[in-house]
Amino acid sequence: MSVRPRWRWRLADASGAALERPTSPVFLARFDAEQWLGEHWRGLAAQGVRSATVEHDGQPQGTPIELPTP
């Protein structure tokens with residue numbers, strides 16, 4: 001049995017602290033995670049998310065993406 005990779009977004013406020021809400025779903029492919037953020041960034045920004053970092057099995061991959069304020 002093989003384990004599939006898990007991707008999710010770490011969502012943070014303006015100070016860089018991780019938010020408990022909203023949360024990111026878990027994805028099996030990075031493409032799907034990136035597509036989700038592209039579709040939902042406006043709603044996330046309206047909820048106070050100021051940056052998002054994609055994580056692979058809990059490890060950050062790349063630099064945070066800054067979300068513009070609504």
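What's counted below: heavy atoms across the whole structure, side chains too, no hydrogens, waters or symmetry copies. Every value quoted in this text rests on a predicted model; they were computed, and no experiment measured them.
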Report task. Calculate, to the nearest 0.5 Å, the distance between atoms CG and OG belonging to Leu67 and Ser51 respectively. Result ->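 Here the rounded value is 7.0 Å.
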Report task. Find the distance between CD (Gln35) and NE2 (His40) and round it off to the nearest 0.5 Å. Result ->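 It comes to 10.0 Å.
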Requested in this report: Can you spot which of Phe27, Trp9, Trp7 makes a side chain to side chain contact (heavy atoms under 4.5 Å, CB included) with Glu34?
Outcome: Trp9
Query raised in the report: Are Val26 and Trp36 joined in one hydrophobic group, where the rule is that I, L, V, M, F, W and Y side chains link up if heavy atoms are under 4.5 Å apart?
Result: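 Shared cluster, no.
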Measure across [X] and [Y] and return the closest heavy-atom pair with its distance rounded to 0.1 Å.
X: Val54; Y: Ala33; result: CG2-CB, 4.5 Å
X: Gly62; Y: Thr53; result: O-CG2, 4.1 Å
X: Arg10; Y: Ala17; result: NH2-C, 4.1 Å
X: Leu11; Y: Ala52; result: CD2-CB, 3.8 Å
X: Glu20; Y: Thr23; result: O-CG2, 3.0 Å
X: Gly48; Y: Leu19; result: O-CD1, 4.1 Å

**Report entry** Charged N-O contact under 4.0 Å between Asp13 and Arg50
**Finding:**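 No salt bridge links Asp13 with Arg50.
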Query raised in the report: Is the backbone N or O of Gln59 less than 3.5 Å from a side-chain atom of Gln61, with the two atoms forming a donor-acceptor pair by type?
Result: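 Flag set: sc Gln61 to bb Gln59 pair under 3.5 Å.
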Requested in this report: Examine distances only and state if a side-chain atom of Arg8 and a backbone atom of Ser24 form a donor-acceptor pair shorter than 3.5 Å.
Outcome: yes
